[in-house]
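Below is one structure, written out as structure tokens, with a few remarks after it.
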Amino acid sequence: MFELLSEMWGFAFMRRAFVVTTVLSASVAPVGAFLVLRRLSLAGEAMAHAITPGIVIGFVTAGLSVMSLLVGGLIAGVGVAMLTALLARRTILRSDASLASLYLIALAVGIFILSAAGSAVPLKSFLFGSILGIDDASMLLVGGVATVTLVAFAFLLRPLIVSTCDPVFFETQTRRPWLVDQGFMLLLVLNLLAAFKTLGTLMAVGLMILPATAARYWASTITAQLVLGFVFALSSCWIGLTLSYLFPETPSGPAIVLVAGGIFLVSAIFGPLGFGKRARKPVVSNDIPVAQIQQEEKAQ
Amino acid sequence: MTAVLQIRDVTLGYRELTLFRRLTMDIEAGTTLAVLGANGSGKSTFVKMLLGLIDPLSGSLNWPKGRPREIGYLAQMTEFDRRFPIRVRDLAAMGAWRGFGFRSGLDNAARDRMTAALDEAGVLDIADRPIHMLSGGQLQRALFARVIMQDAPLILLDEPFAAVDQSTEAHLLSIIHRWRDEGRSVVLVVHDLSSVLDHCSHALLLGGQEAKHGPVDDVLTPDRLVAQGYLSESQASWMFRSSPKPQEPAHV
């Protein structure tokens with residue numbers, strides 16, 4: 001067993017996979033946390049589909065390079081995000097319905113072009129990535145996106161907290177509230193693209209959402225949510241990669257997401273904010289004067 | 001008295017809907033203004049105009065001492081996310097975040113201010129509780145602590161007592177008194193003719209595309225309340241059956 005593990009480190013592609021997923025975890029964890037908190041969990045999935053036509057067009061016109069992927073995906077993702085905001089602001093549709101309509105169109109366009117171009121790109125690798133065949137350019141992409149994401153979060157964290165928790169109050173605190181929304185969507189698109197080559201779009205969303213929802217069952221503060229989300233994402237990647245090495249038949253991307261799923265289920269059952277309510281203080285449903293609560297707490 | 005804000009000849013509304021026409025009034029330092037009106041008469045829109053989120057259709061807002069950097073604001077709780085993972089202490093600190101930008105730490109002076117604000121709002125003992133464990137009244141107290149932290153010369157409260165019990169209302173009213181005594185202006189949207197009006201010096205009645213401003217007694221007369229669609233005639237005659245005036249304002 002230990003020989004197998006130490007042997008694993010002898011392979012360059014495994015070392016690369018560990019490095020890339022570690023950096024990726026640090027990058028997608030905060031994005032996932034705010035996707036969940038902003039009730040955009042499903043928007044992550046939709047956006048993953050929405051960037052498909054951009055990637056396909058980039059591929060068809062410029063070949064499968066990191067640059068074509070980045071440029072094509074960014075244009076498609078930002079375009080869909082801005083159109084969604086426009087529809088939600090100017091028409092009767094809410095943003096979830098606007099996004100759903102647009103990503104479906106985008107996805108159809110992507111697959112249409114892919115088929116019409118008659119290319120030999122396996123659709124499977126679009127959706128599920130290939131974590132064990134990562135080249136230098138992909139590593140640079142992941143590293144670059146992680147750097148941008150973490151620096152952006154240093155600036156965006158407080159505005160994001162206020163706009164998520166109390167959007168009306170946030171509007172009174174800034175002249176440009178949309179800047180935070182759009183900035184966050186841009187980070188989402190960037191991270192989806194970074195994860196695209198390694199995990200594929202579907203699995204990338206899994207690595208964003210599952211650690212964040214699992215952390216939600218334990219965390220009562222935003223700091224705990226962010227740290228735990230990262231720890232869970234990292235554990236999922238390391239355990240998932242090891243499993244897929246030990247059992248060569250298992251694909252690495254789904255293995256990582258399945259481990260994250262396992263952490264989620266355990267958290268839901270045992271976390272203080274999940275089913276395990278015993279650890280939670282009773283929620284005060286009726287208004288009890290504060291003095292009375294204090295007396296009760298002293299009495300305990 | 002000095003005016004914090006001069007509203008001059010303001011018509012407010014949306015493209016297809018005028019809420020009221022040609023309102024001229026001052027909001028003076030150390031006064032408490034109650035804003036009343038039927039649903040859809042423009043109470044919340046008026047507050048949003050003061051916040052600068054909506055421009056009037058015509059007329060102007062003049063700030064004689066300059067627009068304050070911070071305007072205290074407590075919204076209705078409809079869009080507030082009560083499941084957000086944040087403690088009471090950090091929710092209150094939000095009121096001072098703008099002064100500290102992106103840095104994480106508040107300085108010692110701000111920390112002392114925060115302890116005092118939490119204490120005054122009656123939530124110091126539950127400062128480390130996450131907000132999803134709070135009752136409606138406790139959450140409203142925590143949000144009052146945030147308004148205290150904003151330390152603003154003009155404070156706008158949109159139906160602050162809609163979901164709180166009587167003892168909390170009394171407690172929060174004492175904070176409003178303190179603000180008024182310090183020379184801050186408080187604008188209070190109230191949803192009914194309640195005892196809250198006892199604590200207001202002025203009233204602004206919206207409705208029927210009109211806006212009537214003045215001392216509480218002058219504005220809230222049965223005739224005017226009926227004329228602006230706030231009460232029906234039978235409601236007015238029932239409410240004002242004992243005395244011709246609704247309330248004796250405590251401070252004019």
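For the numbers below, each heavy atom of this structure counts, side chains included, while hydrogens, waters and symmetry mates do not. Per chain, numbering begins at 1; letters A, B, ... match sequence-line order.
- Only the side chain of B/L91 comes within contact range of chain A, with heavy atoms under 4.5 Å apart.
- Residue pairs meeting the side chain to side chain donor-acceptor pair (under 3.5 Å) criterion with at least one partner in residues 180-194 of chain A, sequence neighbours excluded, are A/S27-A/N191, A/R38-A/D181, A/T149-A/N191.
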(request) Assess whether ring pair (Phe, Tyr, Trp, His ring centres under 6.0 Å) is satisfied between B/W179 and B/F144, documenting all intermediate values. (result) CA-CA 12 Å; B/W179 282 331; B/F144 256 74; 5.8 Å; yes
(request) Could you go through the ring pair (Phe, Tyr, Trp, His ring centres under 6.0 Å) check for A/Y217 and A/F264 one step at a time? (result) CA-CA 9 Å; A/Y217 284 124; A/F264 169 77; 5.7 Å; yes
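- With a 4.5 angstrom heavy-atom cutoff, A/T174 touches chain B only via backbone atoms.
- Of all the listed residues (B/A75, B/G52, B/P85), the one sharing the greatest number of non-hydrogen pairs under 4.5 Å with chain A is B/P85.
- Within the 4.5 Å cutoff, no side-chain heavy atoms of B/L33 are placed close to those of B/V186.
- Neither the backbone nor the side chain of A/L157 has a heavy atom closer than 4.5 Å to any heavy atom of chain B.
- Residue contact with chain A, scored on non-hydrogen atoms closer than 4.5 Å, is absent for B/Q76.
- With respect to chain A, the highest number of heavy-atom pairs below 4.5 Å among B/F80, B/Y73, B/F84 belongs to B/F84.
- Only the side chain of B/L53 comes within contact range of chain A, with heavy atoms under 4.5 Å apart.
- Looking only at side-chain heavy atoms (C-beta outward), B/L19 and B/Y14 come within less than 4.5 Å of each other.
- Highest contact tally toward chain A, considering only B/R146, B/E70, B/M94, B/R83, is held by B/R146 [criterion: heavy-atom pairs under 4.5 Å].
- A/F230 pairs by the ring-ring contact (aromatic ring centres under 6.0 Å, His included) definition with nothing, not counting sequence neighbours.
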